[in-house]
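The structure appears right after this line, and notes come after that.
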Amino acid sequence: MMDKTFEPTSVEARISAAWAEADAFRAGRPERAGAPPYCIVIPPPNVTGSLHMGHALNNTLQDILCRFERMRGKDVLWQPGTDHAGIATQMVVERRMMEHQEPGRREIGRAAFVEKVWAWKAESGGAIVNQLKRLGASCDWSRERFTMDEGLSRAVLKTFVDLHRQGLIYRDKRLVNWDPKFQTAISDLEVQQIETKGHLWHFDYPVVDETGTETGAVITVATTRPETMLGDTGVAVHPEDERYTALVGKRVRLPLVGRLIPIVADTYSDPEKGTGAVKITPAHDFNDFDVGRRQGLGVINILDPEGRMLLEGNAAFFDGTSPEPEALALHGLDRAQARKAVVALMEARGLLRATEPNTHAVPHGDRSGVVIEPYLTDQWYVNVKPLAERALQAVRDGQTKFVPENYEKIFFQWLTNIEPWCISRQLWWGHQIPVWYDAEGGIFVAESEAEALEAAEAKHGRSVALTRDEDVLDTWFSSALWPFSTLGWPDSTPELGRFYPTNTLVTGKDILFFWVARMMMMGLHLTDRAPFDTVYLHTLVRDASGAKMSKSKGNVVDPLELIDQVGADALRFTLCALAVQGRDIKLSTDRVQGYRNFATKLWNAARFAELNGCRLDPAFDPRSATGAINRWALTEAARAVDEVTGALEAFRFNDAAAAAYRFVWNIFCDWYLELAKPVLQGEGVDPAIRAETQASVAFLIDQVAKLLHPFMPFLTEELWAIKGAELPERGLLTLASWPDLGGLADAAAEAEVGFVVDLVSQIRSARSETNVPAAAQIPLVMVGAAPEVRARVEAWRDTLLRLARLSDITFAEAPPKNSVQLLVRGSVAALPLEGVVDLAAEVARLKKEQGKAQGEIKKIDAKLGNADFVARAPEEIIEENRERRDSEAARLVKIEEALVRLSGD
């Protein structure tokens, strides 16, 4: 006997244990040895991570695809694993050490610190894996990988060495995003642009003649970073800016420092911004670095790794200068303090022309929270230009496609303009760069120290001591190898041969460049094949109002809390139902609760079936059904299977969920079971028809369980077990076959029962739209009904009277006066409402509502048609207006339909 209610908390752990015990998700099951393979590699979450809503969406969509393909008979490998997440993990462990008042990492040394990180990883680093299991992720957990596993580490070493030998990895002095708190280069992905209120200072730089004597003229530059002026090596003006044409080629004396620097013509300078003249500090600004290279300007670094002024002992700073004592006193000041000091010094010398308030985007480290410094250092780079061209060609050739397709354009833009990739990080946790140096600075790149020593001995003719590069590789370097390193590459393993290239990659749009593009480049270069055939990119999960979730806003929705409250199935179905291609998800807990109600609805339907003797009959052949409602329900089920299958194949997750929902809630629960009640519960019913209906209901519950399983695995697995308790040989639902209802479509049954359903539905809508009291029974007149329609109405008269709350059904050649008219599959039905509702008042009310809706649409269109509003308004406000317009437009259609009905046209 089924429990009265479905309680996810009491079911999910038990179902998970059953899947684990059966090894249900293991790839390479013996019975699937000859089956076509299907592989998805999980975007490896950080080992420090905890399940957030982005993970929940990403992994739900992957799981839907994996369960779907597994049920379609494929040998599925969903490859799980976690990423070592260099800077994030190092930060967590250092914070723990601080909390426990332990010595810092520099005090205990690298080896001891790395040992601590490994210990932490073993203790709590896998928490997110257990959280993914709670979500229902059907990964092959026996194959779990970690980006610093021995095998994956070997792949990283080989890749670095091979790329270096091919001339694609090299060392260079360039600007990087430098985090002064963590004292490491970080990727663009780890940089947050934060709108900050600051100032724009206008400084006068004295112009000098050929002898270096000040002429009395000045050129005024505008800057938001006065402290960097001590590293200026030029001033740029636009070549077509007539204000400065006569000054191009001349020099200025850099205030406070005394350095003579040239005025150059460069298109980087914007005549419309500031004064049109910009100071060029190649060591502390990415754009200035490019200008400096074009113009042959010097590069002078005036900051140390902690963001303090570096003047004493700085040979480049003193070269050709005679700095003032007050300028030298800036040495050691934090950059924020130095900014104030420089402004004060310039003002004291009469060289501060103006100060303007200025709000601008300032880069911050996403983990440290400090301002990121463009910083000149020696780093290791990959020349990815030739690799990018192969990735572009693979997309052009159709080897890999993007869903939605518009991301292909973004992919092309990024890779066409790609810059060298900085792959070194000044951290201790990660893959240490396989480079050794001798005392003279000679470089030896090898997969092991022994190989490096051997190469050094061959060069020097004797044994020499070597020192290993202390830096580690960017986390994305190892992640770029993920689709094939997890399968055993560089060895030719059976898994690599069977599952590579993988099939579908499901990931967030925000890492299209940082991860997807790099996997494409590395996969093609190292394996000669694109790593996946399809890249499905989902969007962000926002809060109910469309705002981005953040701890500071207090609007973060915790998926684990929702799972505790309503179960994993409700959360999963919600995310899927909202996953419209290319649109951010606005998640409300009310919506999740709504799909919890959906689970309850199905459970109650299954319990109703059980109470009415609907049990699986192994001998039942649905193709032999004769009852009209049974044939109609089977027809609708076949349609739903086709719709869900087609939608999932096209990655239209929301459409798949909608089709499944429509069939389960509207067709099966609301209509079929309602139509079946008289057969199941009435007296004098033909026993054969009752038995057929009972078998049909039980059969369809099985099909519903299969159809919903990819979306709601726990509920459906439980229903499958309960309904199949007497059929133990059929095993787990997750390993059952996808519904095959081919040949069940019955046009005659659909025409008959579908007409009844549509007629009742339209009558109910008309009653609602015209405010007919719920308890009132009203007459129905079929107008000019064809003989077959008349016969159908007569056959279903009792059902129509009951379900539509009708007092009578009659037939006439013309509609009665003051009636609402309905068009149902070509037949006209009329509802005489005179005396039941005030039709004139209803028309007036609807016209008033029509005017309101039209006015609202006009107002929103004016907003969205205003280019200034669209440019300035936050993304969530734009989206909110579009959704409101869609909602009003849909409401207007309903109002106008109701007016047409009331007019009798």
Side-chain angles (χ1 to χ4, degrees), residues 83-84 86-87 90 110-111 114 147-176 183-187 376-390 418-482 484-485 488-492 518-519 521-528:
D83 190 283
H84 65 279
I87 194 168
Q90 183 161 316
R110 182 174 196 140
V114 169
T147 48
M148 286 180 63
D149 283 349
E150 183 179 347
L152 276 67
S153 295
R154 187 162 61 88
V156 168
L157 293 174
K158 176 176 173 53
T159 300
F160 187 98
V161 171
D162 287 352
L163 292 180
H164 182 266
R165 285 174 182 161
Q166 294 160 15
L168 293 170
I169 283 184
Y170 60 95
R171 191 165 173 81
D172 194 12
K173 186 182 286 291
R174 295 174 64 98
L175 284 192
V176 296
Q183 296 181 49
T184 180
I186 62 174
S187 73
L376 188 67
T377 61
D378 287 312
Q379 302 284 349
W380 287 95
Y381 291 87
V382 180
N383 174 17
V384 286
K385 197 72 176 175
L387 279 63
E389 183 49 47
R390 286 200 66 180
I418 199 166
E419 293 289 329
W421 173 16
C422 175
I423 56 171
S424 45
R425 297 289 181 268
Q426 290 63 56
L427 303 170
W428 285 358
W429 173 243
H431 294 100
Q432 193 169 354
I433 289 177
V435 173
W436 286 262
Y437 305 96
D438 62 20
E440 293 81 38
I443 296 175
F444 302 92
V445 179
E447 291 186 40
S448 68
E449 185 175 17
E451 290 179 15
L453 287 167
E454 187 179 329
E457 186 172 349
K459 176 184 176 181
H460 292 282
R462 57 184 172 80
S463 297
V464 294
L466 297 178
T467 303
R468 187 168 185 177
D469 195 310
E470 290 194 352
D471 289 354
V472 300
L473 287 164
D474 177 11
T475 297
W476 297 108
F477 189 90
S478 52
S479 296
L481 315 181
W482 187 251
F484 44 95
S485 64
W489 186 91
D491 295 335
S492 298
R518 285 164 178 168
M519 285 190 288
M521 291 189 288
M522 288 295 198
L524 285 158
H525 185 75
L526 298 172
T527 73
D528 209 33

Are the side chains of [Y] and [X] in contact, using a 4.5 Å heavy-atom criterion?
{"X": "L524", "Y": "E389", "value": "no"}
{"X": "S478", "Y": "L152", "value": "no"}
{"X": "V435", "Y": "F160", "value": "yes"}
{"X": "Q90", "Y": "T184", "value": "no"}

Do any N or O atoms from the side chain of [X] and from the backbone of [Y] form a donor-acceptor pair under 3.5 angstrom?
{"X": "E470", "Y": "W428", "value": "no"}
{"X": "R468", "Y": "Q432", "value": "yes"}
{"X": "R425", "Y": "A185", "value": "yes"}
{"X": "D469", "Y": "D471", "value": "yes"}

| request: Scan residues 431-463 for pairs that pass ring-ring contact (aromatic ring centres under 6.0 Å, His included), counting only residues two or more places apart or in two chains. | output: H84-H431
Report all side-chain donor-acceptor pairs from residues 448-456 shorter than 3.5 Å, counting only partners two or more places apart or in another chain.
from	atom 1	to	atom 2	distance (Å)
S448	OG	E451	N	3.2
E451	OE1	E447	N	3.4

| said: For the CD atom on E150, are there more than 12 heavy atoms of other groups (residues, nucleotides or ligands in this structure) within a distance under 6.0 Å? | reply: no
| query | Is a side-chain donor-acceptor pair under 3.5 Å present for D83 with S479? | reply | yes
